[in-house]
Amino acid sequence: MTTQAPQAAQAVTLPGSLDEAVEALAAMPAAVPVAGGTDLMAAVNSGQLRPAALVGLGRISEIRGWQYQDGHALLGAGLTHARMGRPDFAALIPALAASARAAGPPQIRNAGTLGGNIATAAPTGDSLPVLAALEATLIIAGRGGARREVPVSHLLAGMEMLRSGELIGYVRVPLLHAPQVFLKATGRTGPGRATASVAVVLDPARRGVRCAVGAIAPMPLRPLDAEAWVGRLIDWDGERTLVPEALNAFGEYVAAACIPDPAPAEDGSVAPLPPAVLQLRRTVAVLARRALGRALS
């Protein structure tokens with residue numbers, strides 16, 4: 001993952017279990033956990049980070065798969081994007097599989113992990129709006145076998161933080177058994193960092209639509225009013241279709257909620273959005289419209 005040799009770390013620990021990794025981090029407060037290293041090595045190569053110690057998570061087999069649990073999927077934080085992109089996983093959580101396949105070139109997908117995407121919390125993280133729309137929760141491992149559960153959205157918003165010595169162990173995702181769509185726009189052809197992304201998930205049990213917009217803010221945004229509005233228009237007992245005008249209105253509703261107009265000046269006038277911001281709003285509107293249309297088709 002690197003073409004140059006970083007400064008040597010003082011210690012490298014390779015635990016074989018999640019609890020061993022937590023104990024290693026507690027024993028070395030300056031240590032940095034590393035799984036795929038796609039973000040870590042970029043920071044090392046650029047000189048932004050010189051870790052004093054590393055705790056490698058690659059040998060912890062318990063967090064590299066998934067299991068079923070009370071109507072949920074318990075996903076190991078060590079799942080790679082490549083593994084999540086495979087057909088069997090796509091049948092389980094389609095939108096998360098789509099985001100994994102869009103995460104970048106093969107070398108990134110083969111190395112990058114779900115837990116790393118969450119812990120790094122980069123605004124352009126492709127899995128983040130999907131997890132927000134799915135209302136996923138994190139199982140965080142602490143010392144002495146302690147486990148606590150935190151909504152993904154709380155961690156991304158800074159309402160909850162990882163404490164010293166803690167690690168993301170698992171991601172708990174509800175299995176909705178309904179259509180899900182993830183779409184992204186990039187600044188260039190082919191896989192790349194998103195300029196905007198949208199996840200739309202249908203929730204027939206609650207007769208609702210969940211939507212999250214990524215890459216345009218430090219954390220995924222949930223346009224709750226737009227969700228509630230469009231959910232009331234869908235015939236959940238019938239064909240679940242919407243007329244094109246309603247789909248267009250939903251896209252505009254989502255975009256305006258996530259990229260609002262500037263506040264009025266003292267004289268009551270409202271300045272127009274800069275062209276680049278206006279183009280971004282249009283992009284979000286198109287992504288939201290297309291994502292909902294595909295989910296309902």
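None of the values given here were measured: they were computed from a predicted structure.
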May I ask you to check whether Asp19 and Ser17 show a side-chain donor-acceptor distance below 3.5 Å?
no

Keeping Arg210 on the side-chain end and Leu134 on the backbone end, is there a donor-acceptor pair under 3.5 Å?
yes

To the nearest 0.5 Å, how far apart are CG in Leu242 and CG in Asp235?
10.0 Å

State the CG-CG distance between Leu138 and Leu131, to the nearest 0.5 angstrom.
8.0 Å

About how many Å separate CD of Glu252 and CZ of Arg282, when rounded to the nearest 0.5 Å?
9.5 Å

Partner of Leu156 under side chain to side chain contact (heavy atoms under 4.5 Å, CB included), chosen from Pro129, Pro218, Pro220
Pro220

Find the distance between CG (Leu14) and CD (Glu20) and round it off to the nearest 0.5 Å.
11.0 Å

Measuring from atom CZ of Arg240 to atom CG of Leu296, what distance do you get when rounded to the nearest 0.5 angstrom?
8.5 Å

Is the number of heavy atoms from other residues, nucleotides or ligands within 6.0 Å of CZ (Arg59) greater than 12?
no

Hey, what do you get for CZ (Arg163) to CZ (Arg143), rounding to the nearest 0.5 Å?
14.0 Å

Is there a salt bridge (charged side-chain N to carboxylate O under 4.0 Å, His left out) between Glu160 and Arg148? Walk through the geometry before answering.
CA-CA 11 Å; Glu160 297 265 3; Arg148 65 187 181 101; 3.4 Å; yes

Among Thr124, Asp126, Thr186, which one satisfies side-chain hydrogen bond (donor to acceptor under 3.5 Å, both in side chains) with Arg193?
Thr124

Take atom CD of Glu239 as the centre, draw a 6.0 Å sphere, and report whether it contains more than 12 heavy atoms from other residues, nucleotides or ligands.
no

